[in-house]
Amino acid sequence: MDTSLPFVRVYQRASTDKQDANRARFELLAFAELHGQRIAAFYTENESGTKLNRPELFRLLEDSQPGDILLCEQVDRLSRLSEADWQTLRGIIRSKQIHVVSLDLPTSHQLMTGAGVDSFTGRLFGALNDMLLDMLAAIARKDYDDRVRRTRQGVAKAKAAKKYKGRPVDLELRK
């Protein structure tokens with residue numbers, strides 16, 4: 001591995017234990033290989049993206065050095081945070097000088113190698129990438145808020161029709 005290249009650290013997240021946080025692993029490996037990179041470490045957890053306190057994400061941030069890459073499948077895997085929590089996380093990422101690369105954010109892909117990019121172009125792509133990252137994080141939060149609102153509307157309608165039974169009791173969990 002070329003030591004002049006940054007470390008690529010993959011962050012994988014799913015919201016619940018019933019979901020597979022490793023689902024995109026092979027796609028992320030292929031993406032890194034396509035860009036001439038090897039993945040240094042995987043940080044995988046089953047935590048809500050609406051929570052700032054995620055142990056594996058913060059372990060990744062702690063392990064990272066300036067110039068390292070945080071690679072994720074989609075920005076919503078990194079954040080469905082409120083604006084205040086997103087600004088806190090962005091501040092940590094910026095202060096550590098970590099580059100976020102996401103498969104759904106094409107402007108970030110050139111950060112995988114930085115080859116052939118002069119300082120002006122690098123700054124321009126960095127600013128564009130930061131703006132789009134902020135937008136995708138806001139969209140991910142809006143998607144979450146919309147799903148919560150629609151679910152509440154459906155529950156209210158089912159209750160009004162006396163068809164709502166609630167979530168069934170998990171007898172296995174209660175043992």
> What's the shortest heavy-atom distance between Glu27 and Glu73, and which atoms?
Replying inline: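 Result for this residue pair: OE1-OE2, 4.2 Å.
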> If you look at every heavy atom in Val75 and Asp104, which pair is closest and at what distance?
Replying inline: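 Nearest pair, atom of Val75 first, then Asp104: N-OD1, 3.3 Å.
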> Can Met112 and Leu34 be said to form a side chain to side chain contact (heavy atoms under 4.5 Å, CB included), step by step?
Replying inline: CA-CA 10 Å; Met112 286 295 281; Leu34 178 68; over 6 Å; no
> Do Val100 and Leu71 pass the side chain to side chain contact (heavy atoms under 4.5 Å, CB included) test, and can you show the C-alpha distance, the side-chain angles, and the key distance before you say yes or no?
Replying inline: CA-CA 6 Å; Val100 175; Leu71 176 62; over 6 Å; no
In Å and rounded to the nearest 0.5 Å, what is the [atom1] to [atom2] distance from [X] to [Y]?
X: Leu60; Y: Asp68; atom1: CG; atom2: CG; answer: 8.5 Å
X: Leu111; Y: Ile69; atom1: CG; atom2: CD1; answer: 6.5 Å
X: Asn46; Y: Asp20; atom1: CG; atom2: CG; answer: 8.0 Å
X: Ile93; Y: Leu78; atom1: CD1; atom2: CG; answer: 5.0 Å
X: Leu132; Y: Ser108; atom1: CG; atom2: OG; answer: 9.0 Å

Find out whether [X] and [Y] are in side-chain contact, i.e. whether some heavy atom of one side chain is under 4.5 Å from a heavy atom of the other.
X: Thr50; Y: Arg141; result: yes
X: Tyr43; Y: Gln12; result: no
X: Phe7; Y: Gln65; result: no

Under a 3.5 Å distance rule, please check whether [X] uses its side chain to pair with a backbone N or O of [Y] as donor and acceptor.
X: Arg13; Y: Glu47; value: yes
X: His99; Y: Pro66; value: no
X: Asn22; Y: Thr44; value: no
X: Arg9; Y: Asp63; value: yes
X: Gln19; Y: Ser15; value: yes
X: Ser79; Y: Asp76; value: no
X: Lys96; Y: Ser64; value: yes

>> Tell me whether Arg94 at atom CZ has more than 12 heavy atoms from other residues, nucleotides or ligands lying less than 6.0 Å away.
In response: yes
> Can you tell which of Val101, Leu57, Val8, Val10 makes a side chain to side chain contact (heavy atoms under 4.5 Å, CB included) with Leu70?
Replying inline: Leu57
> Can you list the steps and then say if Gln74 with Leu103 is a side chain to side chain contact (heavy atoms under 4.5 Å, CB included)?
Replying inline: CA-CA 6 Å; Gln74 292 182 293; Leu103 301 187; over 6 Å; no
> What do the steps show when you test Arg54 against Tyr11 for side chain to side chain contact (heavy atoms under 4.5 Å, CB included), and what is the final call?
Replying inline: CA-CA 11 Å; Arg54 288 179 262 153; Tyr11 181 67; 3.2 Å; yes
Under a 4.0 Å N-O cut-off, is there an ion pair linking [X] with [Y]?
X: Arg149; Y: Asp145; value: no
X: Glu56; Y: Arg59; value: yes
X: Lys51; Y: Asp85; value: no

> With distance as the sole criterion, is a donor-acceptor pair present between the side chains of Gln37 and Glu33 under 3.5 Å?
Replying inline: no
